[in-house]
2 protein chains.
Amino acid sequence: MSSDPSGKLSHHEDFDDEAAFLAAYKAQDYPRPSVTVDLVIFTVLDGDLKVLLIERGGHPFKGWWALPGGFVNVGDGVKDQGEDVEDAAHRELEEETHLPKGSCHLEQLYTFGKAYRDPRTRVIDVAYLALVRPTLAPLVTAGDDAAATRWVSVQTLWDNSDTQRLAFDHREILTMAIERVRGKIDYSPIAFDLVPEAFSVAELRSVYEAVKGTTYNARNFNRRFKRMLADGVIETTVGHRPNPSGGPRAHLYQFKRAA
Amino acid sequence: MSSDPSGKLSHHEDFDDEAAFLAAYKAQDYPRPSVTVDLVIFTVLDGDLKVLLIERGGHPFKGWWALPGGFVNVGDGVKDQGEDVEDAAHRELEEETHLPKGSCHLEQLYTFGKAYRDPRTRVIDVAYLALVRPTLAPLVTAGDDAAATRWVSVQTLWDNSDTQRLAFDHREILTMAIERVRGKIDYSPIAFDLVPEAFSVAELRSVYEAVKGTTYNARNFNRRFKRMLADGVIETTVGHRPNPSGGPRAHLYQFKRAA
DNA sequence: AGAATAGTGTCTATCAGACACTATGCA
DNA sequence: TGCATAGTGTCTGATAGACACTATTCT
């Protein structure tokens with residue numbers, strides 16, 4: 001438990017017995033599964049929810065689209081237990097996007113553990129959900145494994161039934177990621193991770209509309225926005241957003257991390 | 001992908017290549033982690049949220065309280081990939097409670113994958129959340145591994161700082177389970193899995209109060225209840241609940257599964 | 001000037017919080 | 001009869017939906 005700051009072991013009465021036990025402990029002879037992390041990386045570009053997909057270069061599912069991901073490093077499992085699963089997700093996120101560390105929201109989504117979900121061997125996959133600001137999205141470059149990387153519109157993916165061309169159970173993972181972000185946008189500040197650092201009311205509304213797939217009444221959205229402003233969730237910032245089609249320029253705001 | 005009903009493989013162009021690849025595939029030589037499932041099993045008894053804990057009989061954390069759980073059977077990993085992680089959770093739930101199959105709500109909670117969370121070897125734990133009706137809770141008997149099993153009040157667990165006596169990272173898991181059920185009770189019908197099949201308005205309210213740790217205005221709760229009745233979420237059923245302190249007997253209702 | 005967008009006034013329906021109230025059935 | 005509980009009437013404030021409206025700035 002060296003990674004546990006609470007130091008529970010030191011509270012244990014018969015620590016000596018336990019130490020002796022640990023020394024004698026032999027890793028189970030049970031077969032073990034491989035464990036991977038997969039990433040559902042979303043952004044919103046042009047009012048459209050997009051997901052980062054790679055084209056698989058090798059078997060199985062060669063040439064199919066897939067979510068980026070990789071194996072969790074578990075060290076030798078005894079003296080070196082390797083990296084936290086969450087750290088593996090962070091690592092893969094950086095490797096796939098080459099974006100600066102900590103610039104994206106990342107959270108665990110769900111663990112997909114069906115037998116035979118990978119035809120090669122037993123693989124249990126911990127899926128993560130990442131959100132990339134539209135200002136960062138164009139900077140994303142292909143991962144180190146040189147596979148083709150592409151921002152794909154979720155809408156057109158479904159319209160063209162291209163989800164049938166997603167490798168493994170990645171269609172199911174993507175579906176759950178969409179549900180997660182749709183549900184969570186209503187009661188948590190994840191929308192602020194899908195707009196530029198400084199954003200206008202309309203830009204924030206556009207994110208809500210892209211994610212939920214519905215239109216929002218502009219009047220009511222402005223009211224909710226004002227309330228967040230009054231509650232200190234967001235604050236005004238300098239500058240204006242130029243209006244491409246003529247008209248007043250929109251004020252800019254930013255999310256207030258420390259409420 | 002034999003467990004995948006969509007038959008994706010048959011859509012694959014170069015299936016023969018893939019079959020050949022699969023035949024030649026050799027399981028990775030990377031070390032692999034053990035994968036376990038742990039269960040946070042809740043019930044509400046006497047207006048109190050309770051969790052099922054076992055007392056550990058062996059090292060490590062011998063004599064400490066812990067969440068019930070066990071290893072996921074992954075077969076030999078190639079020809080036999082073993083059981084789904086979710087099936088493992090169902091199996092453990094039955095083994096620990098001896099309750100009839102399908103009598104409890106069960107959902108995945110979160111995957112705990114920190115290195116060194118188990119001092120013996122690298123263990124990645126998929127935690128599940130289960131809800132047991134108060135009518136079934138007294139029927140729960142100790143698991144096959146003969147460890148002492150007990151319904152422990154979450155409130156008194158925290159009041160007495162007994163959470164420090166929870167093995168591994170089970171305090172963290174329990175905390176997340178409480179947050180999950182507290183958050184989810186507002187927008188999903190999980191409360192109906194914590195009352196008898198036939199329940200009164202006050203009984204349902206008592207579950208909300210036990211889970212959220214606050215009191216609910218009876219008038220407003222009745223109104224929400226009436227709305228659910230009108231929406232067909234619940235329906236009236238026969239019988240009344242006798243009033244222990246004299247007074248009118250409460251009507252009984254039941255959750256309408258097929259809306 | 002015309003057009004598209006930013007942002008506001010305001011009416012209405014819905015729902016939560018709060019308080020008072022009636023009805024019931026056992027001691 | 002007393003009393004704790006089941007269940008209702010109703011006022012008030014907060015919020016969402018809808019529609020009309022003014023203000024701004026580029027072409």
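Throughout, a chain's letter reflects where its sequence line sits, starting with A, and its residues are numbered from 1.
Here the P atom of nucleotide dT24(C) and the NE2 atom of His240(B) are 12 Å apart, to the nearest Å. One interatomic measurement links the two molecules: NE2 of His251(B) to C1' of dA23(C), which rounds to 12 Å at whole-angstrom precision. Taking atom CG of Asn243(B) as the reference point, atom C1' of dA23(C) lies 12 Å away to the nearest angstrom. Rounded to whole Å, the distance from NZ on Lys226(B) to P on dT14(C) is 18 Å.
Of the residues near DNA chain C, Val201(A) and Pro248(B), the one whose nearest nucleotide (by heavy atom distance) lies more toward the 5' end is Val201(A). In terms of position on DNA chain D, the residue among Arg249(A) and Ser200(B) whose nearest nucleotide sits closer to the 5' end is Ser200(B). Map Ser245(B) and Gly246(A) each onto its nearest nucleotide of DNA chain C; the residue landing nearer the 5' end is Gly246(A).
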May I have the step-by-step check of side chain to side chain contact (heavy atoms under 4.5 Å, CB included) for Tyr128(B) and Glu86(B), ending in yes or no? CA-CA 9 Å; Tyr128(B) 278 77; Glu86(B) 189 169 323; 3.9 Å; yes
Where do Trp158(A) and Thr175(A) land on the side chain to side chain contact (heavy atoms under 4.5 Å, CB included) test, with the steps shown first? CA-CA 10 Å; Trp158(A) 252 263; Thr175(A) 299; 3.5 Å; yes
Kindly determine whether Cys104(A) and Thr97(A) satisfy side chain to side chain contact (heavy atoms under 4.5 Å, CB included), including the steps that lead there. CA-CA 10 Å; Cys104(A) 307; Thr97(A) 65; 5.5 Å; no
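Classification of Arg117(B) and Asp125(B) as a salt-bridged pair holds, one side-chain N sitting under 4.0 Å from a carboxylate O.
DNA chain C lies under 4.0 Å from at least one heavy atom of each of the following residues of residues 213-222 of chain B: Asn217(B), Arg219(B), Asn220(B).
Side-chain N/O atoms of Arg219(B) and Asn222(B) include no donor and acceptor closer than 3.5 Å.
Between His240(A) and His251(A), the angle of the ring planes lies from 30° to 60°, which puts this pair in the tilted group.
Although no hydrogens or angles enter the test, the distance criterion places no donor-acceptor pair under 3.5 Å between the side chain of Arg205(A) and the main chain of Phe221(A).
The ring of Phe225(A) has its center closer than 6.0 angstrom to the ring center of Tyr253(A).
Within the nucleic acid shown, Arg223(B) comes within 4.0 Å of at least one base atom, counting heavy atoms only.
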Using atom types as modelled, flag every donor-acceptor pair under 3.5 Å from a side chain in residues 186-198 of chain B to any protein atom, sequence neighbours excluded.
residue   : atom : partner   : partner atom : Å
Asp186(B) : OD1  : Lys212(B) : NZ           : 3.4
Asp186(B) : OD2  : Lys212(B) : NZ           : 2.5
Ser188(B) : OG   : Lys184(B) : O            : 3.1

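Counting 5' to 3', DNA chain D first comes under 4.0 angstrom of a heavy atom of chain B and last does so at the ends given by dA4(D) to dT10(D).
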